[in-house]
Every structure is written in C-alpha cells, then in structure tokens.
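Written below as structure tokens is the structure these notes are about.
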Amino acid sequence: TRLKIRPLCLVYYDFHTREHALIAELKDSDGLLLGTNQVIYPDAFTGLRADVRYTYRKSGLEQDIILRQRPPLPEAYGFNPMTTWLWVLTEFIDPPADVQVARQIRRGWTQSTVDKIIRVGGMTIGHGSAFGLGLGQNRRAGVPVEKHWAVMDGRTFLIEEVSFHRIVSNLR
C-alpha cells in the first residue's frame with residue numbers, strides 16, 4: 001500500500017468548551033538526510049520552531065514533531081490548561097478505503113490510557129509517545145499519545161493528541 005501523508009498543523013483543543021486554536025501550520029522546508037534511514041525537515045512550521053523527522057525501519061515508518069521552542073500557553077488563547085489538549089493533525093491524501101479502528105487500553109504507563117489501533121491498508125499505526133527522544137526502545141518513557149481517525153470537510157486526518165497538563169513540565 002502506498003500512502004501519501006503530510007503533517008498539517010498543531011492545534012490546541014479545549015474539550016470543555018469545544019473550541020480550538022491553530023498554533024502552527026506546515027510550511028515549505030527542505031529535507032535533510034540523516035544517516036541512511038532518517039529525513040528531517042527543519043523549521044517546518046509557521047509561528048513555532050519545530051521540525052518534522054521521519055525514520056524508516058523494517059518495522060515501519062515513524063513521524064516525529066520536534067519542538068525547538070515552547071509553544072504559547074493555552075491561557076494565551078483563553079483556554080484552561082487542565083482541559084486543553086495539544087493536537088498534531090496529519091493529513092492522509094487518497095487513503096485506502098479499508099481503514100479499521102479498534103479501541104485498546106494501554107497499561108503499564110503511570111496511568112492507563114484508552115487509545116486506538118488504526119489499520120490503514122496493510123499498515124498498523126501503533127502507540128506513540130510525546131517527549132520520548134533519545135529513550136531508545138523504552139516505549140513507556142515519555143507521555144502516551146492518543147490518536148483518532150477523522151474525516152473533516154472531505155479530508156482524512158490522523159489526529160494525535162496529548163493532554164497539555166501532562167506535558168507542561170517537559171516544555172521549556
């Protein structure tokens with residue numbers, strides 16, 4: 001299965017008020033090859049210094065959004081940090097029709113997290129974590145990221161989200 005994807009933007013979403021605010025959106029960036037299996041797109045977003053890095057392995061492809069500066073606090077948008085989530089929206093262009101979503105509880109973290117396993121074609125989008133750079137194979141390090149598959153205005157997105165209050169201590 002051939003997939004065409006692109007990270008689109010970073011958004012704050014306040015689940016209590018159901019309001020959202022765009023923090024940063026994708027802009028043109030030249031990719032740089034790192035070793036034999038990584039490409040990084042430096043300064044890939046408007047309004048926030050953040051990179052996009054792709055790592056290819058036999059087991060699959062990883063997309064990382066690397067924040068090089070702290071994003072504005074939710075309070076700057078009038079949001080409560082206790083009810084606000086940070087979202088990364090990745091657009092799937094012409095996705096296969098056979099997408100399957102299954103709920104799964106991730107145990108073994110500091111808190112159990114309800115997440116989804118998403119199967120797109122022959123590929124599985126598994127568990128992710130925030131602030132886990134340089135942690136090697138320890139997938140439980142960092143903060144678990146939940147994900148959703150959504151179709152909005154005829155466009156298909158993977159929404160990866162993490163509660164702001166769970167990551168604020170990692171932001172500098």
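Quick note: residue numbers are just sequence positions, from 1.
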Please answer: with hydrophobic residues joined when any side-chain heavy atoms are less than 4.5 Å apart, are [X] and [Y] in the same cluster?
X     : Y      : value
Tyr41 : Leu3   : yes
Leu61 : Phe92  : yes
Val52 : Leu33  : yes
Leu67 : Phe164 : yes
Leu10 : Ile167 : yes

To the nearest 0.5 Å, what is the distance between [atom1] ([X]) and [atom2] ([Y])?
X      : Y     : atom1 : atom2 : answer
Tyr13  : His20 : OH    : NE2   : 9.5 Å
Arg53  : Asp64 : CZ    : CG    : 4.5 Å
Asp28  : Thr46 : CG    : OG1   : 11.5 Å
Asp51  : Arg68 : CG    : CZ    : 4.0 Å
Glu19  : Phe79 : CD    : CZ    : 5.5 Å
Ile159 : Trp87 : CD1   : CH2   : 4.5 Å

If you look at every heavy atom in [X] and [Y], which pair is closest and at what distance?
X      : Y      : value
Arg166 : Val143 : O-CG2, 3.5 Å
Pro144 : Val162 : O-CG2, 3.9 Å
Ala24  : Leu22  : O-CD1, 3.6 Å
Leu73  : Tyr77  : O-CD1, 3.8 Å
Pro42  : Asp30  : CD-O, 3.3 Å
Asp94  : Lys4   : OD2-NZ, 4.3 Å

Output yes when a side-chain donor or acceptor of [X] lies under 3.5 Å from a complementary backbone atom of [Y], and no otherwise.
X     : Y     : value
Gln69 : Arg49 : yes
Asn37 : Tyr56 : yes
Asn80 : Met82 : yes

Q: Could you walk me through whether Ser29 and Asp43 pass the side chain to side chain contact (heavy atoms under 4.5 Å, CB included) test, one step at a time?
A: CA-CA 7 Å; Ser29 174; Asp43 194 27; 5.6 Å; no

Q) Does a side-chain heavy-atom distance below 4.5 Å link Glu91 with Ile93? A)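 In short, these two side chains touch, coming nearer than 4.5 Å.
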
Q: Check step by step if side chain to side chain contact (heavy atoms under 4.5 Å, CB included) holds for Val99 and Thr156.
A: CA-CA 11 Å; Val99 174; Thr156 304; over 6 Å; no

Q: Start with the C-alpha distance between Gln63 and Leu158, add both sets of side-chain angles, then the distance that settles side chain to side chain contact (heavy atoms under 4.5 Å, CB included), and finish with yes or no.
A: CA-CA 12 Å; Gln63 173 183 280; Leu158 172 68; over 6 Å; no

Q: Please work out whether the ring planes of Trp85 and Phe15 are parallel, tilted or perpendicular, with thresholds of 30° and 60°.
A: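 Geometry flag for Phe15 against Trp85: perpendicular rings.
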
Q: Assess whether side chain to side chain contact (heavy atoms under 4.5 Å, CB included) is satisfied between Ile65 and Phe45, documenting all intermediate values.
A: CA-CA 10 Å; Ile65 307 300; Phe45 291 90; 4.0 Å; yes

Q | From Ile23, Leu89, Leu86, residue fulfilling side-chain contact (heavy atoms from CB on, under 4.5 Å) relative to Val11 | A |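 Result: among Ile23, Leu89, Leu86, Leu89 is the only option passing the side-chain contact (heavy atoms from CB on, under 4.5 Å) with Val11.
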
